[in-house]
Amino acid sequence: MRPLLLLTNDDGIGSPFLRILAETFAATHDCVVVAPAEEQSWIGKKLNRYGRIAVDRVEGWPCEAWKVSSTPSDCVNIALHHLLQRRPALVVSGPNIGYNLTLPLLFCSGTVGAALEGVCWGIPALATSQRLPLELFDSIKDMDPADESEVRRMLRISATHAVRLANELLANPPPRWTLWNINFPWPVTPETEVVDTFPDPAHLGGMFARQSDGHYAFEFREWDEPSQPGSDRCVTFGGRISRCVLRYDSLGGTP
């Protein structure tokens, strides 16, 4: 029996990134996609306490797929306890549209939050993110599924790397409470090197801008300070694949 993988993301079931990942993984693994019905970026590991959550089967995928009207962490929790017929060997979250780098962003990331929900239940997890040129962000969600663009070609290369990294994780499971946070550079090639990194401790600074009516609105600004050598930001911005091993086991006092 092939290992079962649970695939999810925080950009929503409609993300073209998720579909390409599912197509690539489904060629060699049993997969189930359980993803938010709508985008849930910047939400971290939120679990919904209030309200009712809709869970619906989605057709037209290369594997079984579901959409959930809630957060990435809720998707993983509901999948593990209600939707999957057997325990998955691995949770794969992403690829996020854009990077998830530096310590401050890891706490905000719904992509990382979904992976951490898998880790909470003793399942190894892989969070994946794809750095993009800034000029592509406005158009990326309108990608034509049939368009063989440069973005799509790059995503297939990143997805192939993700399969290889997932197989490495499956072959050598890490200690419990450990996940791999993977960031792919732009551009990426089949030969792009994978480098083990640590989260860059850079400060994000103010994340909100005052509006003319006196209200405040979210406004992301990239870092002013340089990245630390060997960090996830330094490696990804330098054109290599960052593999950042995040260990939470010390928080619970278990080695």
Side-chain angles (χ1 to χ4, degrees), residues 8-12 15 17-18 21 35-36 38-47 71-76 91-120 125-138 140-141 155 158 161-162 165 177-186 188 194-209 216-248 250-251:
T8 190
N9 72 353
D10 73 355
D11 289 307
S15 168
F17 287 29
L18 179 61
L21 188 77
E38 305 291 342
E39 182 180 347
Q40 298 282 326
S41 298
W42 291 89
I43 207 163
K45 196 188 167 298
K46 178 182 177 181
L47 294 171
T71 68
S73 290
D74 284 351
C75 289
V76 173
V91 173
V92 181
S93 181
N96 187 65
I97 298 175
Y99 50 70
N100 276 306
L101 302 167
T102 74
L103 191 59
L105 282 185
L106 297 184
F107 292 109
C108 305
S109 168
T111 303
V112 175
L116 182 55
E117 181 65 23
V119 168
C120 286
L126 195 72
T128 66
S129 301
Q130 177 67 62
R131 187 187 180 201
L132 293 167
L134 290 176
E135 63 270 15
L136 289 179
F137 272 91
D138 291 337
I140 202 70
K141 294 177 184 178
L155 288 173
S158 293
H161 280 295
L165 290 165
W177 298 104
T178 302
L179 68 87
W180 287 6
N181 184 42
I182 309 298
N183 278 270
F184 298 109
W186 183 278
V188 63
V194 177
V195 178
D196 288 322
T197 64
F198 59 89
D200 193 292
H203 297 92
L204 287 177
M207 299 298 290
F208 297 88
Y216 288 81
F218 180 80
E219 182 177 89
F220 177 68
R221 299 173 184 175
E222 291 195 325
W223 312 267
D224 293 328
E225 58 194 284
S227 59
Q228 289 197 8
S231 69
D232 54 3
R233 181 162 65 110
C234 178
V235 166
T236 304
F237 277 50
R240 296 178 293 173
I241 299 169
S242 166
R243 173 171 54 192
C244 189
V245 179
L246 304 178
R247 295 191 60 177
Y248 298 85
S250 62
L251 299 178

Please report the shortest heavy-atom distance between [X] and [Y], naming the atom on each side.
X	Y	answer
P229	C234	CA-SG, 3.9 Å
A114	P72	CB-CB, 3.6 Å
L103	F107	O-CD1, 3.2 Å
L246	P199	CD2-CG, 3.9 Å
A115	V91	CA-CG1, 4.5 Å
S15	I97	OG-CD1, 4.0 Å

Set of side chain to side chain contact (heavy atoms under 4.5 Å, CB included) partners for P133, sequence neighbours left out: E135, L136, W186
With P185 via side chain to side chain contact (heavy atoms under 4.5 Å, CB included) - residues at least two apart: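 Partners of P185 by the side chain to side chain contact (heavy atoms under 4.5 Å, CB included) criterion, ordered by chain and then number, come out as V188, T192, T236, I241.
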Student check: side-chain heavy atoms of R247 and W177 closer than 4.5 Å: no
Validation row: N9, P95 side chains within 4.5 angstrom (heavy atoms): no
Residue pairs, two or more places apart or on separate chains, that pass salt bridge (Lys or Arg N to Asp or Glu O under 4.0 Å) and touch residues 106-119: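 Those involving residues 106-119 are K45-E117.
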Sequence neighbours excluded, every pair satisfying salt bridge (Lys or Arg N to Asp or Glu O under 4.0 Å) that has a member inside residues 218-227: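 Salt bridge (Lys or Arg N to Asp or Glu O under 4.0 Å) check on residues 218-227 returns E219-R221.
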Partner residues of Y99 under the ring pair (Phe, Tyr, Trp, His ring centres under 6.0 Å) criterion, sequence neighbours left out: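 With sequence neighbours excluded, Y99 shows a ring pair (Phe, Tyr, Trp, His ring centres under 6.0 Å) to W223, F237, given in chain and number order.
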Partner set under ring pair (Phe, Tyr, Trp, His ring centres under 6.0 Å) for F220, not counting sequence neighbours: W42
Under 3.5 Å: donor-acceptor pair, side chain of N100, backbone of L106: no
Partner residues of D200 under the salt bridge (charged side-chain N to carboxylate O under 4.0 Å, His left out) criterion, sequence neighbours left out: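 Salt bridge (charged side-chain N to carboxylate O under 4.0 Å, His left out) check on D200 returns R233.
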Which residues share a salt bridge (charged side-chain N to carboxylate O under 4.0 Å, His left out) with E38, sequence neighbours left out: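 Per chain and number, E38 pairs via salt bridge (charged side-chain N to carboxylate O under 4.0 Å, His left out) with no residue.
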Using the side-chain hydrogen bond (donor to acceptor under 3.5 Å, both in side chains) criterion, which residues pair with [X]? Sequence neighbours excluded.
X	answer
R243	E168, D196
Q40	none
T197	S242
T8	none

Derivation of the side-chain contact (heavy atoms from CB on, under 4.5 Å) call for D11 and L18: CA-CA 8 Å; D11 289 307; L18 179 61; over 6 Å; no
Distance in Å, L165 CG paired with L126 CG, rounded so as to fall on 0.5 Å steps: 6.5 Å
N183 CG to C244 SG distance, which is reported to the nearest 0.5 Å: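 The SG atom of C244 is 8.5 Å from CG of N183, to the nearest 0.5 Å.
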With T111, the side chain to side chain donor-acceptor pair (under 3.5 Å) member among N181, T128, N96: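 Option passing the side chain to side chain donor-acceptor pair (under 3.5 Å) with T111: N96.
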Trace of the side-chain contact (heavy atoms from CB on, under 4.5 Å) decision for Y248 with L179: CA-CA 9 Å; Y248 298 85; L179 68 87; 4.0 Å; yes
Candidate pair V112 and S93, rule side-chain contact (heavy atoms from CB on, under 4.5 Å), full reasoning: CA-CA 7 Å; V112 175; S93 181; over 6 Å; no
